[in-house]
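Read through the structure below, which is laid out as structure tokens, and then see the notes.
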Amino acid sequence: MTGDLLRLEGIGVRLGGRQILGDVSFSVRPGEFTGLIGPNGAGKTTLLKVILGLQAPSSGRVLVQDSARPRRGSLIGYVPQKLVIDPDMPLRARDVVSLGLDGNRLGFSFPSRQRRELVRETLRAVGAERYADARVGELSGGEQQRVLIAHALISRPRLLLLDEPLANLDLRSGHEIVALLGKLASEQEIAVLISAHDMNPLLSVMDRIVYLAAGRAATGSTAEVVTSEVLSGLYGHHVDVIRLHNRILVVAAEGEPVPAADDKAVVLDHGAA
Amino acid sequence: MHYLFAPGLLSSGPVRVALLVGTVVAITSGVTGVFTVIRGQSFAGHSLADVATTGGAGAFLVGVNQFWGFLAAGVAGAALMEAIGVQRRRGRDVATGVVLGGALGAAALFLYLGTQRTSVTGASFTILFGSMFVISPDTVPALIASGVVALLTVAVLARVLLLSSLSPELAAARGVRVRLAGAAYLIALAVSVSLSAVVIGAVLSTALLIGPAATALRVARGPARAMAASAAIGVAVTWLGVVLAYDSYYWPPHGHGWPVSFFVVVLVVLGYLLSYLPRPGGRPRAARRREAAHEAGHEAGHEAGHEAGREAGREAERDAACSPA
């Protein structure tokens, strides 16, 4: 027993003759908040799919609770990238959360008071009780995100994976989602692994950063990883790391890839300071 | 002088068979149709009905009961569509279109040969547009059994299908075999469509599959209620259709009843149009969204103490105003 909830050992992925991921290794402990950061196309979503068992790695292995063949369904909760949900989709927020209990199983489920209570409790935990009866297709991006987090939480996973949950959210909803996830990690000992192209909204809650670029990963604390030396090594070209107020900007010569800092967010933070 | 519920209505054998089979078919189609609409497979559903026509025409040619032809062709069509790739977003229309085209060509031939060989007039009409009043009582048990099988299949798959339509990726991550569930659903859909081909005809069975479901999805909240409402609407239009068709024997031109399928389809369309009427006490969805957006923007602006929140609110408001209601 290593005490690691999740361990990736030398994960490599080749897709259609292209090396998407090279040699990615890191581990996540219970209750730890990990940010999976990198520019678009760095392989963040692919890596999450490998962890979920949806994509077989061409090299390396994934261990969940030290098992190479884990029962992922009950151990890992997953919140996919923003969904496009038709407003006529008959699922209310409470139905989506209820599907988190047994939406993966065949057969019937009958309404019970126990189930209703559990759904309500979970919606309350993510601050979404107010729109429990609204159709998910009619909710805003931030509201949908909360409902999907509740969907993932209701089966009491040990690890929560979120794919770019902050993309498409306004700054305020983004802050609220990050605060909520930080609380879940510290209070309920749920490990959180969240992918994002901008690390700044996560700086206050991240225990560990996994920085992904050019198919390779650097991992450690933000202070260890986000330096000009480490990131230049990852990207394979020179990048500067600028710390400004409480924000970090990664800057490269024009035309070289780095995670795009959200333009709007920069303007807004400037206004607040 | 006559009554809409003519005195002889329920003592007529064909009417009783029509009501019984019509009810089973309406419930099966109603429940199955909810998932057809949610999954965006209306075209596949309609094509399966057209494919069933081929089977019905073939059965007529060799002198077998048409239902078995509908069923065999429908299920075979579903399997073929699945093999070509009906579940891939890009492959969906192509798979459906290819199977549809081939099947209709065969149907044309079978119908031609069938009407040449026998002198049964109106057979083509019955296959294409159906008639509840000519269902042979011998097939009733088979019809009911098929309906129950399709209904049970859909009920058992319901949760998995809902999760898959919310996000196939999410369902797969939870261990759902998304493709297998989709294939099983497609078979149930083929059975359901074959049933309604018997009742209102192969060409029109889409109406009973899609209409009640689409109407129910506009008015009902929650998947269980949507399924129940869809089945109820289907049963209501079927019964009303039978009553009106029975009554139409008194309508001009005298002596010939109007086709029962016509009444059912017209009622389905009317029901769907009615769902667009503003509900008493309810506000249109767009207005609700606009208000919600305005509220959110106002709150955010207040808390952050600068323009950003109000700006975000205005943006959301614009989005709500621009998106179709």
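Chain letters run A, B, ... following the sequence lines, proteins first, then strands; residues in each count from 1.
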Check your understanding: Which bit of B:R177 is near chain A, if near means a heavy-atom gap under 4.5 Å: side chain, backbone, both or neither?
Key -> neither
Determine all donor-acceptor pairs shorter than 3.5 Å in which one atom belongs to a side chain in residues 148-157 of chain B; sequence neighbours excluded.
from: B:T153; atom 1: OG1; to: B:V149; atom 2: O; distance (Å): 2.7

Point to revise | B:R221 vs A:R94 side-chain heavy atoms within contact, under 4.5 Å | key: no
Revision key, fill the gap. Rounded to the nearest 0.5 angstrom, the CZ-CG distance for A:R135 and B:L217 is 6.5 Å
Check your understanding: Any chance NZ of A:K49 has more than 12 other-residue heavy atoms, nucleotides or ligands included, within less than 6.0 Å?
Key -> no
Review point. Are A:H151 and B:R174 close enough that some pair of their side-chain heavy atoms sits under 4.5 Å apart?
Key: yes
Practice item. Give, for atom CZ of B:R159 and atom CG of A:D95, the distance between the pair rounded to the nearest 0.5 Å. Key: 12.5 Å
Review point. Taking only residues two or more places apart in sequence or in another chain, which ones pass salt bridge (Lys or Arg N to Asp or Glu O under 4.0 Å) with A:E143?
Key: none
Review point. Among residues 114-127 of chain A, which ones touch chain B with a heavy-atom distance under 4.5 Å?
Key: none
**Study point:** Residue part contacting chain B, namely of A:V96, when any heavy atom lies under 4.5 Å
**Key:** side chain
Revision key, fill the gap. For residues 144-156 of chain A, the salt bridge (charged side-chain N to carboxylate O under 4.0 Å, His left out) pairs (sequence neighbours left out) are A:R146-A:E176
**Study point:** A:L101 versus chain B, the contacting section by heavy-atom distance below 4.5 Å
**Key:** backbone
Point to revise | Which of B:L163, B:V34, B:V176, B:L161 touches chain A most, by non-hydrogen pairs under 4.5 Å | key: B:L163
Point to revise | Contact origin within A:D133 toward chain B - heavy atom pairs under 4.5 Å | key: backbone
**Study point:** Residue B:A226 versus chain A: region with a heavy atom under 4.5 Å
**Key:** side chain
**Study point:** A:L83 side, atom CG; B:L170 side, atom CG - distance, nearest 0.5 Å
**Key:** 7.0 Å
Check your understanding: At what distance, to the nearest 0.5 angstrom, does CG of A:L99 lie from CG of B:L166?
Key -> 7.5 Å
Study note, to complete from the structure: Taken to the nearest 0.5 Å, the spacing of A:L91 CG from B:S165 OG works out to 7.0 Å
Check your understanding: Which of the residues A:G53, A:A134, A:G100 is involved in the greatest number of heavy-atom pairs with chain B at under 4.5 angstrom?
Key -> A:G100
Exercise for review: Rounded to the nearest 0.5 Å, what's the gap from CG on B:L162 to OG on A:S98? Could you check?
Suggested key: 10.0 Å
Review point. For the candidates B:S167, B:G222, B:A171, which exhibits the highest count of non-hydrogen atom pairs separated by less than 4.5 Å from chain A?
Key: B:G222
**Study point:** Residue pair B:V37 / A:M89, side-chain heavy-atom distance below 4.5 Å
**Key:** no
Point to revise | Proximity breakdown for A:L106 and chain B, heavy-atom pairs closer than 4.5 Å | key: both
Review point. Which pair of heavy atoms, one from A:P80 and one from B:E169, lies closest together, and at what distance?
Key: CB-OE1, 3.9 Å
